[in-house]
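What you are looking at is a predicted structure, and each value in this text was computed from that prediction instead of being measured.
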Amino acid sequence: MIVDDFKEILDNFETESEKPFKNNVFASKMRNEFTDDFKEFVLDIIGDMDKYDSKVSPGMLGWTKRPWAGLRNNDATNTFQGGLYLIFIFDFENNGFHLSLDQGADYPKKSVRIDISNYLINLINESNLKIPQGFVCDETKVNEDSILSKFYDINNVSIDELKEDLKSLIEIYEFLIPKYMGYIAKDDSLLNDYPQKWLYNANKDYFISANIIKNYLVENNLGDLEKQEYEEMFSSFKSKFSPEILEKLEGIELLNSLFLHDGDKNNLGYCLEFSEEFKKAGGIGGGSAYKYSLFKNKNGQWVYGTSKKNSQILNENEAIEIASLLRNNIVEGANYIKTAQLNSIEDYKALEVKLSEIFNDCLLKPNFSWIHKYYTLLYPEKFPVMHSEPMKKDFLTKFKIEPETWYYAMDAQFYQLSKKAGLKFYSIFDENIVRLFFKGGKDIWEYTDDVGIGDNDVKTTRYWLISAGQGAYLWEEFYKNGEIGIGFDGTGDLNQYKTKEEIKLKFQEIHNDNSSHRNNVHACWQFVHDMQIGDVIFVKKGWNEILGRGIVESDYEYNPNKPYHKIRKVRWTHKGSWTTIDQLPTKTLTDVTMYQEFVDNIKRLFVGEDGESEEIPENQYPEYDEIRFLEEVYIDERGYYTLVNLLKNKKNLIVQGAPGVGKTFMAKRLAYSIMGEKNTERVMMVQFHQSYSYEDFVMGYRPSKEGFDLKRGSFYEFCKKAEEDSENDYFFIIDEINRGNLSKIFGELFMLIESDKRGEKNRIRLVYSNEFFFIPKNVYIIGLMNTADRSLAMIDYALRRRFAFFDLKPGFESDGFMYYQNELDNDKFSNIIEVMKELNEDIKNDESLGEGFRIGHSYLCNIKAEDVEEKLNFVVEYELIPLLKEYWFDEQDKVEYWSNRLRSVIDDSEQDNLY
């Protein structure tokens, strides 16, 4: 029993530790027998140790001062010397031990660990997690940088109490892991110094992405997304088409079993592309039967070729000979993959080289989508359920990972991301994640597509932090010459590089390594392409010092005669030394525009005696009116003027509609059309969710290094901004307004949002600051609401009477959408619209659904003529069909019927080619 082991340690360790450590019997017993007992004790609580490691330690190379027994989750740390873990610490003076949620002593440094401890303690206090009785998080805890700890007297400890306490503490631990890793990930200085062995050799991109995904899964109770149906699918496929089975096929049986012919639904080609059983392994639809390189056409002839240009008609014997060649190559590739160690990007590149050699003697290539899908179904632990190269790139970009240029190397990137996120390979493309990413992804990334919100043509001021060489030794010269620059010797003129990949290859050539050099590559690219005239630059030194402020006045220039080569002209407005309250990133160049509080804190350093800082050149915003609105938003003119009148009269408007009707797309454009210009300074968008609170919206206390500070929320700051500019209209947009607890979020402001309660005469006193506050008359609120989300509560009457409501409907019949449809001039696109209209009619007439669940037009927007087939295939498989499964979760026949109708539109040309 573990308590007996602990008692033996307390009784004997001090005596034994006076003896030599090497070959000590008691030390060996702690490392082996006691460790096994401890593992068994933990296993009885958590069920399996797949993600955990445990250890009882007398010391590493010599006796430790205090022996311990530790339990760590591999997602949090790979060592007991750093990171977050659970630990039993023996206390000889008090004849007992402490159970502690703690941090490793080696990294990060103690002051940072204390900050992290305070941060995690606040998260625990704000959550609904139950803290086991007896645990403390104040100054009486076992270590200053511990999070929670409890002392147990060895003579009074109960094994049942210990189990229950550890079980509860593990729940808290697992809740905090993504928060802890996110804290590390957000601080470049911590992340760059974090020992790589504790990050599984992960680079920053995968590290941050994986922890954002894990956070999302935890917050939405989605688990690890592992599904038995996938495991059954992989097993079923192997039972039908394993390499061993393919090897035994000969003659006409080989030909008919592998390649498409005569409508046979049992051959490999048909199963990969059309079989419902294997659809979850990724779509390979689109294009023609030439992608198989060998198939029987509708005239009953066997064709070998990858296009009409290189194709030839074969007789049956010739077709069997080619089929044998292709089969042998496929099987040889599969057998090589089976034993190949595939972990790194270089491993997957080597695989692509090897497969290319294997397929060198035929027209079939290993990067053909059906070959990749075949290998995925055989080895799902090595390949993703994504086979289209453009889609792979698109997905990686959504994951904020720069795609590799090699087809199989992108698989390595997905492999690394899935490992960091603790997911099965196929789960990276689970519909819970996929649908969110391709609808703006705000639930995961707080990310919004430029096209979606309509700001991509608006010039806004960006704020940059830049270093002036090592120790800022170039600052005086920069200031004297009125310029700023970066060096990076050997890279030459940055205008010669067309992509970041080219810059990376140059850095690898200079340094003779395979490192990504991501920060330096990004700095070079941003200095040339992202920095603009009118942007504001702050020159930094070290961790907390600002030396100057300036405004960019020229485009990028290259001067090989200067020590820093790459320059921009700058009008310096301030020179001196200012200490920041925030720690500064260590990178050469950092765009900090999006970190509003961080930027505001730096701006305050430069406020003069009169309370005003030097003005930044005013932005010129593009004009925008109702004509532009009607061109871009698929709604009729009457609907537009109804929207404007409702908003103007009521001041508060909720636009409601089903998925895909374009609510978010429309919101900012409506505001811009009323303003007459695309002025992003007068529009703010937030998204409500279950955790959104009054403290986020108005104000509240937030943890800081000194304790807790009163922080102003988004709506408070926006109203103050509008108050200072009373002659212009301001628009506050709330996405998913019905996802939040509105009474909790608005608090005492619920009354003030009414149109007749605006202005200073209706001011009230705020709870936290004890100040008077009012909502200016020039503030308009636009709420967006999804009518098809059955998980959300109905909006109560108190809110309804304060808002006007407008139903946004699918715009397939609008003039703008029909013009867009005619411009594409694609039969498949037109056909799928007709099917969606019929589908919407069925949804409308369904008693359990109704008009509010009809599917909108935005699923089919922003498609280019050259991408129609591929994009339609993606929309159908990953957006529309999963949505239908939600709608008719208890009517499988309907789901199958409409899924087949939608798929038939995309696949019909395939059928013509095949038979």
Self-check item: CD1 on Ile581 to CD1 on Ile602, rounded to 0.5 Å
Solution: 9.5 Å
Quiz item: Hey, are the side chains of Leu547 and Phe478 touching, using non-hydrogen atoms and a 4.5 Å cut-off?
Solution: no
Quiz item: Minimum heavy-atom separation for Ile337 to Lys382, with atom names?
Solution: O-NZ, 2.6 Å
Quiz item: Taking C-beta and beyond as the side chain, do Tyr85 and Gln103 meet within less than 4.5 Å on heavy atoms?
Solution: no
Quiz item: Relative to the ring of Trp475, is the ring of Trp572 parallel (under 30°), tilted (30 to 60°) or perpendicular (over 60°)?
Solution: perpendicular
Quiz item: Below 4.5 Å, heavy atoms only, C-beta onward: do Met531 and Ile537 meet side chain to side chain?
Solution: yes
Exercise. Not counting sequence neighbours, which residues clear side-chain hydrogen bond (donor to acceptor under 3.5 Å, both in side chains) with Glu346? List them please.
Key: none
Quiz prompt | Side-chain donor-acceptor pair present, Glu545, Thr579, cut-off under 3.5 Å | solution = no
Quiz item: Would Thr580 and Ile546 satisfy side-chain contact (heavy atoms from CB on, under 4.5 Å), going step by step from the backbone distance to the final call?
Solution: CA-CA 7 Å; Thr580 64; Ile546 298 292; 3.5 Å; yes
Quiz item: Quick check: does any side chain N or O of Lys668 sit under 3.5 Å from a backbone N or O of Met685, one acting as donor and the other as acceptor?
Solution: no
Self-check item: Test log, rule side chain to side chain donor-acceptor pair (under 3.5 Å), inputs Tyr556 and Asp493
Solution: CA-CA 10 Å; Tyr556 160 80; Asp493 187 352; 2.9 Å; yes
Self-check item: Centroid-centroid under 6.0 Å between Trp525 and Tyr497 rings
Solution: no
Self-check item: Sidechain-backbone polar pair: Gln416 side chain, Gln413 backbone, donor-acceptor under 3.5 Å
Solution: no
Quiz item: With distance as the sole criterion, is a donor-acceptor pair present between the side chains of Asn561 and His565 under 3.5 Å?
Solution: no
Practice problem: Determine whether the aromatic ring centres of Phe874 and Tyr878 lie less than 6.0 Å apart. | Solution: yes
Exercise. If a pair satisfies salt bridge (Lys or Arg N to Asp or Glu O under 4.0 Å) and one of its residues is in residues 558-568, list it, with sequence neighbours excluded.
Key: Glu483-Lys562
Self-check item: Arg549 side chain reached by Val536 side chain, heavy atoms, under 4.5 Å
Solution: yes
Quiz item: Between Phe507 and Val521, is any pair of side-chain heavy atoms under 4.5 Å apart?
Solution: yes
Practice problem: Find out whether Glu404 and Ile345 are in side-chain contact, i.e. whether some heavy atom of one side chain is under 4.5 Å from a heavy atom of the other. | Solution: yes
Self-check item: Short side-chain donor-acceptor distance under 3.5 Å, Lys603 and Tyr463
Solution: yes
Quiz item: Would Ile733 and Val683 satisfy side-chain contact (heavy atoms from CB on, under 4.5 Å), going step by step from the backbone distance to the final call?
Solution: CA-CA 7 Å; Ile733 301 170; Val683 181; 3.8 Å; yes
Quiz prompt | Nearest non-hydrogen partners of Ser344 and Ala412, listed with the distance | solution = O-CB, 3.8 Å
Quiz item: What residue pairs, at least two apart or across chains, pass salt bridge (Lys or Arg N to Asp or Glu O under 4.0 Å) with a residue in residues 466-481?
Solution: Glu476-Lys575
Quiz prompt | Lys349 with Glu352: basic N within carboxylate O range, under 4.0 Å | solution = no
Self-check item: Closest non-hydrogen atom pair between Thr461 and Gly534, with its separation
Solution: CG2-O, 3.7 Å
Quiz item: Could you state the interatomic distance from CE (Met410) to CG (Asn367), rounded to the nearest 0.5 Å?
Solution: 9.5 Å
Quiz item: Glu381: what forms a salt bridge (charged side-chain N to carboxylate O under 4.0 Å, His left out) with it, not counting sequence neighbours?
Solution: none
Quiz item: Is any side-chain heavy atom of Thr593 closer than 4.5 Å to a side-chain heavy atom of Val599?
Solution: no
Practice problem: Please confirm whether the backbone N or O of His529 pairs with a side-chain atom of Gln532, one donor and one acceptor, at under 3.5 Å? | Solution: yes
Self-check item: Heavy-atom closest contact (Asp489 atom, Ile510 atom, distance)
Solution: O-CD1, 3.7 Å
Exercise. Would you give the length of the straight line joining atom CG of Leu505 to atom CD of Gln508, rounded to the nearest 0.5 angstrom?
Key: 5.5 Å
Quiz item: Does Glu557 reach the side chain of Ser554, with side-chain heavy atoms less than 4.5 Å apart?
Solution: yes
Quiz item: How long is the gap from CG on Leu465 to OG1 on Thr588, to the nearest 0.5 Å?
Solution: 12.0 Å
Practice problem: I would like to know whether Ser418 and Lys424 meet side-chain contact (heavy atoms from CB on, under 4.5 Å); could you show each step before the answer? | Solution: CA-CA 6 Å; Ser418 66; Lys424 290 279 190 180; over 6 Å; no
Exercise. Compare every heavy atom of Pro366 with every heavy atom of Tyr407, then report the nearest pair and how far apart it is.
Key: CE2-O, 4.4 Å
Quiz item: What do the steps show when you test Lys569 against Asp555 for salt bridge (Lys or Arg N to Asp or Glu O under 4.0 Å), and what is the final call?
Solution: CA-CA 8 Å; Lys569 294 295 182 183; Asp555 290 325; over 6 Å; no
Quiz item: Which distance, rounded to the nearest 0.5 Å, do you find between the CG of Asp530 and the CG of Leu589?
Solution: 9.0 Å
Quiz item: Atom CG of Leu351 and atom CD of Gln341: how far apart are they, to the nearest 0.5 Å?
Solution: 12.0 Å
Quiz item: Between Lys540 (side chain) and Pro585 (backbone), is there a donor-acceptor pair under 3.5 Å?
Solution: yes
Quiz item: Do the side-chain N and O atoms of Tyr415 and Asp347 include a donor-acceptor pair separated by under 3.5 angstrom?
Solution: no
Quiz item: With Thr376, which residues qualify under side-chain contact (heavy atoms from CB on, under 4.5 Å), at least two apart?
Solution: His372, Phe383, Val385, His387
Quiz item: Considering residues at least two apart in sequence or located in another chain, which fulfil the side-chain contact (heavy atoms from CB on, under 4.5 Å) criterion with Lys354?
Solution: Tyr336, Glu357, Ile358
Self-check item: Donor-acceptor pair, side chain of Asp535 and main chain of Arg462, under 3.5 angstrom
Solution: yes
Quiz prompt | Derivation and outcome, side-chain contact (heavy atoms from CB on, under 4.5 Å), residues Ile567 and Ile484 | solution = CA-CA 6 Å; Ile567 61 173; Ile484 194 67; over 6 Å; no
Quiz item: What are the two closest heavy atoms between Ala468 and Val539, and how far apart are they?
Solution: CB-CG1, 3.9 Å
Quiz item: Of the options Phe606, Phe598, Trp578, Trp464, which is the one that meets Phe538 in a ring-ring contact (aromatic ring centres under 6.0 Å, His included)?
Solution: Phe606
